[in-house]
Amino acid sequence: MMIEFDPRAYESLLAEVAESIKAADERFRGTHAGLPVDVIVTDFETHGPKVDLSEATLQEYAEAVSTGAPFKWVLS
């Protein structure tokens with residue numbers, strides 16, 4: 001099987017994904033900023049950005065949301 005790869009289309013796709021995550025993060029922070037970390041962790045699956053995070057990364061994200069700190073998203 002051969003798959004053709006268009007670098008411009010890939011970059012465009014990544015930009016769309018990044019924008020979607022940013023918008024979801026802003027909505028989630030708008031409703032969860034300042035809440036306890038355990039509440040944020042629990043609500044992340046149903047209300048947070050639709051990404052898979054390791055347990056440790058989710059904990060870091062929840063702490064950032066709770067305290068209003070920035071969080072660096074890394075797509076891999």
Side-chain angles (χ1 to χ4, degrees):
M1 170 174 38
M2 179 178 246
I3 298 175
E4 290 188 31
F5 181 78
D6 179 351
R8 288 176 293 167
Y10 181 70
E11 290 296 322
S12 176
L13 176 62
L14 285 180
E16 288 177 30
V17 168
E19 188 57 38
S20 176
I21 291 170
K22 179 181 175 188
D25 175 54
E26 289 173 357
R27 285 191 303 274
F28 189 69
R29 284 174 179 266
T31 59
H32 287 76
L35 293 179
V37 170
D38 61 322
V39 171
I40 295 167
V41 168
T42 299
D43 285 358
F44 181 81
E45 187 174 325
T46 55
H47 296 87
K50 303 300 180 207
V51 295
D52 291 325
L53 299 178
S54 70
E55 190 174 312
T57 304
L58 177 54
Q59 185 71 25
E60 290 173 19
Y61 177 70
E63 290 171 8
V65 171
S66 180
T67 63
F71 180 81
K72 182 177 181 180
W73 292 96
V74 178
L75 300 177
S76 59

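Numbers for residues simply follow the sequence, beginning at 1.
- Between Y61 and L53 there is a side-chain heavy-atom pair separated by less than 4.5 Å.
- Within the 4.5 Å cutoff, the side chain of F44 has no heavy atoms near those of the V65 side chain.
- Not counting sequence neighbours, the partners of D43 by the side-chain hydrogen bond (donor to acceptor under 3.5 Å, both in side chains) test are H32.
- Taken to the nearest 0.5 Å, the CD atom of E45 stands 8.0 Å off from the NZ atom of K50.
- A donor-acceptor contact shorter than 3.5 Å is absent between the side chain of S12 and the backbone of R8.
- Between F5 and Y10, the angle of the ring planes lies from 30° to 60°, which puts this pair in the tilted group.
- Taking each heavy atom of S66 and V37 in turn, the nearest pair found is CB-CG2, 4.0 Å.
- Of all heavy-atom pairs spanning I40 and L35, the tightest one is CD1-O, 3.5 Å.
- Checked against side-chain hydrogen bond (donor to acceptor under 3.5 Å, both in side chains), E63 has the following partners two or more places apart in sequence or in another chain: Q59.
- Counting non-hydrogen atoms of neighbouring residues, nucleotides and ligands closer than 6.0 angstrom, the CG atom of D6 exceeds 12 such neighbours.
- In plain terms, the two heavy atoms of A24 and P49 that are nearest each other are CB-CA, 3.7 Å.
- For T57, the side-chain hydrogen bond (donor to acceptor under 3.5 Å, both in side chains) test picks out S54, with sequence neighbours left out.
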